[in-house]
Amino acid sequence: MRARIPFDATTPKRRLGSVLSASERADFAIAMLRDVLQAMAPTELEPTVIATEEPEATVSAPIRVDDRPLDAVVEDAIEERTPVAVVMADLPLIEPESLARLQATAGDVVLAPGRGGGTNAMLVRTDSFSVDYHGASIRDHRRIAGERALEVGEIDSFRLGTDVDEPADLIEVLLHGGPHSVAWLREAGFRIETTAGRPTVTRVPPEST
Ligand SMILES: Nc1nc2c(ncn2[C@@H]2O[C@H](COP(=O)(O)OP(=O)(O)OP(=O)(O)O)[C@@H](O)[C@H]2O)c(=O)[nH]1
Ligand SMILES: C[C@H](OP(=O)(O)O)C(=O)O
């Protein structure tokens, strides 16, 4: 089954701007993408990355450059042929089993909600579905499917539901993430701090790592 992985290669992960420079965000976004592709490798999903521009780094999947907005590129994927899986590139916790659940769940449309209201992954089995990302998109996708009398499946998954948008998400990566993302964060000096109360993430200067 085809899988499309939308990837903002132009201004990735702006919401991490308080802890990462622009070049670091680009590198970290690639590391997360590599974890998504590594999780996909043992499955029957066949990924193509739909990138806003050619990434500087290489990844283990074909890249199609399309600088149109997210909705347009995903609509194209649906119109091109169904079934199609759409998996976001900022899900470094996913494992092959998470993707197997996506494929094994019944429904004309299977949605994997993200924390904060996004739609981190979906499996679309009918071209009568359309998408409306950003701004609590899970609510919009449920509405669109309902309006078109489509059967909706949903996946309650910590690993599919954890997308990395904000600095507070980095602890989940350090604790549960894939090898590329964890290695990148640790190499950049990020550590888990457990001295007081709830664990947090700190960044130690390079000379002390
Ligand atoms: N091809 C494509 N992918 C996109 C676009 N916008 C976001 N994405 C990807 O969709 C996924 C979820 O989007 P966001 O969480 O908003 O990612 P982002 O835009 O890098 O993050 P912010 O800059 O913080 O909004 C990420 O993997 C992005 O790389 C787009 O316009 N085109
Ligand atoms: C693309 C968008 O990601 P978020 O901005 O919610 O992380 C969404 O899932 O609708």
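Quick caveat: nothing in here was measured; it's all calculated off a predicted structure. Both ligands and their constituent atoms are indexed starting at 1 by order of listing.
Taking each of V164, D8, T119, L33 in turn, the one with a heavy atom nearest to atom 19 (O) of ligand 1 proves to be D8. Proximity annotation for atom 18 (P) of ligand 1: of R4, K13, M88, K13 comes nearest, heavy atoms only. Remark: among candidates E53, R14, R25, R68, the nearest residue to atom 23 (O) of ligand 1 is R14, based on non-hydrogen atoms. When I5, L91, L70 are ranked by how near their heavy atoms come to atom 31 (O) of ligand 1, first place goes to L70. When the options T119, D132, V164 are ranked by their closest heavy atom to atom 9 (O) of ligand 2, first place goes to T119.
Side-chain contact between I5 and T48: absent, with no pair of heavy atoms (C-beta onward) separated by less than 4.5 Å. At a threshold of 4.5 Å between non-hydrogen side-chain atoms, the residues R115 and T162 count as touching. Looking at heavy atoms from C-beta onward, M1 lies in side-chain contact with L123 at the 4.5 angstrom threshold. Side-chain contact between R101 and S157 is present, with heavy atoms from C-beta onward closer than 4.5 Å.
Salt-bridge annotation for R159 and E97: absent, with no side-chain N of the basic residue lying under 4.0 Å from a carboxylate O of the acidic one. Salt bridge present: E154 and R142 bring a charged side-chain N and a carboxylate O closer than 4.0 Å. The pair E53-R64 does not meet the salt-bridge criterion, since no charged nitrogen lies less than 4.0 angstrom from a carboxylate oxygen.
For atom 7 (O) of ligand 2, the nearest non-hydrogen atom of the protein is D165 OD2, 2.7 Å. Atom 32 (N) of ligand 1 has T52 CG2, 3.4 Å as its closest protein atom, hydrogens excluded (heavy atom only).
Short contacts between ligand 1 and T11, defined as distances under 4.0 Å to a heavy atom of the residue, involve ligand atoms 23 (O). Atoms of ligand 1 found under 4.0 Å from any heavy atom of R15, numbered from 1 in the order shown, are 14 (P), 15 (O), 16 (O), 21 (O), 22 (P), 24 (O), 25 (O). Residue A89 has at least one heavy-atom neighbour below 4.0 Å for each of these atoms of ligand 1: 27 (O). Listed by number with element, the atoms of ligand 2 under 4.0 angstrom from any heavy atom of S137 are 8 (C), 9 (O), 10 (O). Within the listing of ligand 1, atoms 20 (O) sit less than 4.0 angstrom from a heavy atom of P12. Residue-ligand proximity, I50 to ligand 1, at heavy-atom distances under 4.0 Å covers atoms 1 (N). Interface atoms of ligand 1 facing H134, defined by a heavy-atom separation under 4.0 Å, are 16 (O).
Residue-environment remark: CZ (R139) stays at or below the threshold of 12 foreign heavy atoms within 6.0 Å.
Of the heavy atoms in H141, none comes closer than 4.0 Å to ligand 2.
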* To do: Verify side-chain hydrogen bond (donor to acceptor under 3.5 Å, both in side chains) between T82 and D127, making sure each step is shown before the conclusion.
  => CA-CA 6 Å; T82 52; D127 62 5; 5.6 Å; no
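For the residue pair S137 / T119, a side-chain donor-acceptor distance below 3.5 Å is found, with atom types taken as modelled.
At least one heavy atom of R15 sits closer than 4.0 Å to an atom of ligand 2.
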